[in-house]
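The block underneath contains the structure these notes are about, expressed in structure tokens.
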Amino acid sequence: MKKLLFFFMLLTTGVYSQSKLFQVTTAATNPGDAVLIRGEYLDKITKIQVSRLPDDNVDNVLPAYVPLPREDAGPDGGGINPLDNKSITVQPLQSNTQSVKFIIPASYQQGVYSVRLTDGDNHISGFNVNVPKVNWVISEEGLNITAGGNLRIQGKNLFRKGATGQVVIISSDKKQVIRATVANAFDDFSVNVNIPGNTPSGNYNLYYHNGLGGKTAWSAPLQVTVVNPSTNKWDKKTFNVKDYGAKGDGTNDETAAFNAAITAAKQQGGGTVYAPAGRYMLTDALILPPFTLLKGASKETTQLFWNPANWATGKMPASLISGTHHFAIKDLSISATRAWGIIMLTGPVPEQGNITLENLVVKQTVEPEVTSFMARANVEAAKAEIDSKWFKTGILLRGSNLKVRNCSFNCSGMYNFVAASGFIQHCRFEKNGTDKTFMAIHPKGLIFEDCYKQMNGYGYATSIDESNNLYEARNTIPFNYINDREVMTFDGGSGAYAGPVGSVKGNTITLPSGATTNQWTPNKWVGGGVFILEGKGAGQYRRIVSHTLDVIQLDQPFLVDPDATSVISITTIRKNLFFVDNDVADGGAYQFYGSAENCVISGLKMRRCIGIIGRGSLIYKGRQPNWYTDIVNCELNEGNNNVPKMAIKTKVSSYQNINIVGSGGSAMNIGTLVRRNKLYDFSYIRTSPGANPNAITDVIIEDNTFTNADKAISLGGSGNMSSNILIHNNHYKNVNKQVDFNTALKPDSYLILQDGVK
């Protein structure tokens with residue numbers, strides 16, 4: 001009897017329901033800003049304390065860190081507990097079982113803040129705010145660190161004005177401790193460092209410090225591998241095409257000479273096929289073997305142009321230049337008429353990758369250079385034929401370690417970068433001749449920066465194991481007037497199941513008997529995610545490593561398991577995609593459409609567009625959640641003129657806005673942060689919930705500035721379809737109505753604070 005009474009007392013005092021943290025605000029946070037905590041049993045928290053960590057020098061200090069909660073992983077046991085510094089107790093806001101918010105004391109200076117949470121059983125948990133978070137790294141050797149090379153680091157909170165960031169990498173045996181100072185900070189999301197040349201190869205843990213917060217404010221470790229620089233295998237020997245009969249006079253067919261030089265390079269295991277200054281006519285495809293570089297004297301003086309012998313019959317090669325892996329094309333001008341593929345990868349997918357395109361001018365048209373050979377009707381037929389091939393035209397690169405630099409592309413076909421890691425830098429991408437010129441990007445660790453992009457749509461992600469780890473920055477995207485006018489969109493994916501759980505044990509989930517599934521065959525959804533949308537454990541997800549028709553193996557157990565109250569969704573995962581300081585004019589939506597986790601739009605400048613959309617919803621039979629995304633520091637101008645008269649197709653004719661959408665079920669949009677944006681000329685912020693309770697929840701709309709608007713913030717829905725919306729410390733200039741909300745929306749669904757006061 002005593003044992004039973006003791007067990008009952010344990011249950012009622014909450015020992016078995018201590019607060020569990022899944023996710024906290026990781027965006028740059030100022031004094032006076034709000035912080036969101038998502039988790040389970042958060043109603044057990046009795047005290048929230050915040051302190052500012054001292055900015056001690058860490059030049060000779062080994063890294064220490066307080067683990068950040070992770071919605072896609074269990075607890076990190078390698079860190080330390082939050083420090084018990086002199087602190088300020090803060091008031092919880094919008095507190096419930098699964099979320100709570102609070103405000104960093106405005107009296108503090110900018111820095112790193114330690115947060116301590118105490119529950120009713122005096123259990124202490126916590127985390128640091130503004131601590132660096134490193135997601136991924138890349139070098140010239142791919143997703144590794146090169147000894148003696150430059151390393152790009154991507155994450156959050158990497159740069160603080162007036163502070164110097166640094167990196168420490170520690171070998172797995174802890175015998176090597178290598179330090180490097182940040183050489184250049186592009187922004188808060190990407191920096192580079194120079195790794196010492198004497199760094200031994202092997203496995204390491206990488207830690208990062210942004211210069212604030214002292215000895216416990218390092219990032220959690222990222223496992224990395226240091227490799228030695230590889231030799232350039234395609235520079236062994238040069239094979240001059242003129243030595244094989246090429247003239248370069250623009251009139252002779254040079255195909256045989258080029259193929260002879262390529263064959264000679266192949267027999268030597270690779271090399272450089274060199275075309276001196278001149279104009280070279282080709283009539284058939286060039287296939288580059290591994291470790292072969294096709295190179296001209298310069299893009300101004302060496303031109304390859306195709307005059308295919310069979311173009312009139314439509315019997316064209318799949319691609320004019322192709323290869324499987326490890327090939328490069330540099331210093332050339334390339335032009336073709338009525339060509340399908342221009343530069344494309346062939347062969348087995350696992351082999352593809354390691355491609356370099358550098359200093360190229362590429363032009364693809366559907367009209368022949370001599371128009372008298374083809375009637376106008378045939379020209380239109382050629383356009384239609386290219387449109388029908390869509391994903392088999394233009395430029396197609398796939399795989400790891402891609403380098404596309406200083407190129408100008410003007411194509412009638414597609415620009416496809418599939419399962420791509422590497423660099424796309426300082427390029428110009430333009431459309432030519434058809435309505436379906438489109439860019440499709442499926443990143444797996446890709447830097448896409450400082451480019452000009454002008455075409456008829458831009459889609460991200462193409463598979464179940466969706467996109468992750470993208471840094472896309474400082475690109476210019478003008479003039480998109482047709483199709484859906486989307487200037488950045490997540491698309492595709494669908495879903496396999498949404499509903500209750502049959503049973504859970506460790507990292508094994510069993511679906512209920514008779515569960516209704518979609519596209520669900522054994523192991524089809526490996527790499528996809530299991531999301532807990534509602535009930536116990538909501539706000540977490542895990543990746544699928546294998547599955548049968550009814551049993552799923554996850555990469556790791558949930559921190560809090562789903563139960564009979566829970567609803568799960570099996571769908572795609574798209575995470576850590578950062579869009580930074582891009583510029584868009586006269587386009588449509590810049591949007592997270594469907595599954596998006598921990599993604600960022602920062603510093604975007606928009607003019608005469610539809611606006612920014614964060615949309616979690618039921619798409620293609622999949623309940624695809626949009627969780628924990630940041631829309632920060634953006635600027636929307638000329639918001640009253642977003643539908644040009646020349647638009648062929650558009651679905652939106654309202655004012656430019658930042659639109660937070662959740663439709664097709666509960667919890668489709670959780671934890672969106674809309675902070676420090678500037679909205680002009682009738683631009684505004686809105687929530688657009690669907691018909692389900694808590695379709696949009698835990699949104700923070702904070703420190704935004706509205707100038708010249710009919711309304712600044714519009715809360716949609718009724719009841720608690722939008723819930724736990726915090727509207728805090730926004731600024732209004734010449735605004736008729738600051739907050740407009742549906743009168744059917746429950747008053748406790750939102751909280752309006754100005755300078756911390758209701």
Side-chain angles (χ1 to χ4, degrees), residues 135-146 149 152 154 224-225 227 229-234 266 269-270 285-294 318-330 341-358 360 362 391-405 407 409 411 413-425 427 429 438-449 451 458-472 492 526-527 572-577:
N135 295 121
W136 61 287
V137 301
I138 191 169
S139 72
E140 291 297 307
E141 299 295 331
L143 301 175
N144 294 309
I145 295 178
T146 308
R152 288 287 292 267
Q154 283 64 240
V224 296
T225 300
V227 299
S230 63
T231 57
N232 195 340
K233 294 183 179 181
W234 44 49
K266 181 178 180 180
L286 303 181
I287 301 174
L288 300 180
F291 305 109
T292 299
L293 165 62
L294 177 61
S319 181
L320 298 180
I321 303 177
S322 64
T324 56
H325 60 91
H326 289 90
F327 69 83
I329 308 171
K330 297 182 180 182
I342 301 298
I343 303 170
M344 305 187 81
L345 287 163
T346 58
V349 170
E351 294 182 358
Q352 295 179 3
N354 292 282
I355 313 301
T356 297
L357 306 182
E358 193 170 284
L360 302 179
V362 178
F391 275 83
K392 298 180 181 179
T393 62
I395 310 294
L396 169 59
L397 300 182
R398 180 193 298 271
S400 62
N401 204 19
L402 305 180
K403 300 182 180 73
V404 184
R405 289 168 168 152
C407 295
F409 300 100
C411 289
M414 291 281 293
Y415 299 102
N416 273 298
F417 303 101
V418 181
S421 69
F423 300 88
I424 301 174
Q425 298 168 304
C427 292
F429 298 93
F438 191 87
M439 177 175 282
I441 301 173
H442 180 196
K444 293 288 187 180
L446 180 67
I447 289 179
F448 195 131
E449 61 188 0
C451 294
Y458 311 82
Y460 294 75
T462 59
S463 69
I464 288 170
D465 182 11
E466 294 280 5
S467 300
N468 61 80
N469 295 343
L470 171 71
Y471 172 77
E472 184 166 310
V526 169
T572 58
I573 296 174
R574 287 170 278 200
K575 63 178 293 186
N576 299 334
L577 308 181

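Residues take their numbers from the sequence shown, with the count starting at 1. Values below: all heavy atoms of this structure, side chains included; hydrogens, waters and symmetry mates excluded.
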> Of all residues at least two apart in sequence or in a different chain, which pass the ring-ring contact (aromatic ring centres under 6.0 Å, His included) check with Phe409?
Replying inline: Phe429
> Who passes side chain to side chain donor-acceptor pair (under 3.5 Å) against Ser139, sequence neighbours left out?
Replying inline: Thr146
>> Could you work out, with side chain to side chain donor-acceptor pair (under 3.5 Å) as the rule, every residue matching Glu140, not counting sequence neighbours?
In response: Arg405
> Short question: side chain of Thr572, backbone of Ile464 - any donor-acceptor pair under 3.5 Å?
Replying inline: no
> Can you name the residues that form a side chain to side chain donor-acceptor pair (under 3.5 Å) with Tyr415, not counting sequence neighbours?
Replying inline: none
>> Is it true that, when you exclude Ile287 itself, more than 12 heavy atoms of the residues, nucleotides or ligands shown sit nearer than 6.0 Å to its CD1?
In response: no
>> The criterion is side-chain contact (heavy atoms from CB on, under 4.5 Å); which residues satisfy it with Leu360, sequence neighbours excluded?
In response: Ile329, Leu332, Ile343, Leu357, Val362, Cys407
>> I need the minimum non-hydrogen distance between Asp465 and His442, along with the two atoms involved.
In response: O-NE2, 3.3 Å
>> Holding to side-chain contact (heavy atoms from CB on, under 4.5 Å), I want the full list of residues that pass it with Asn576, two or more places apart in sequence or in another chain.
In response: Asn135, Asn469, Asn598
> Among all residues two or more places apart in sequence or in another chain, which pass the side chain to side chain donor-acceptor pair (under 3.5 Å) test with Glu358?
Replying inline: none
>> For Ala461 versus Ser467, what's the shortest heavy-atom pair and its separation?
In response: CA-OG, 3.2 Å
> Got a sec, which residues hit salt bridge (charged side-chain N to carboxylate O under 4.0 Å, His left out) with Lys266, two or more places apart in sequence or on another chain?
Replying inline: none
>> If the condition is side-chain contact (heavy atoms from CB on, under 4.5 Å), which residues does Lys575 pass it with, not counting sequence neighbours?
In response: Asp72, Asn468, Tyr541, Arg543, Ile573, Glu597
> With Arg398, which residues qualify under salt bridge (charged side-chain N to carboxylate O under 4.0 Å, His left out), at least two apart?
Replying inline: none
>> Ignoring hydrogens, what is the shortest heavy-atom contact between Met414 and Ala440? Give both atom names and the distance.
In response: CE-CB, 4.2 Å
> Got a sec, which residues hit salt bridge (charged side-chain N to carboxylate O under 4.0 Å, His left out) with Glu141, two or more places apart in sequence or on another chain?
Replying inline: none
>> Please check this pair: side chain of Lys403 against backbone of Asn354, looking for a donor-acceptor N/O pair closer than 3.5 Å.
In response: no
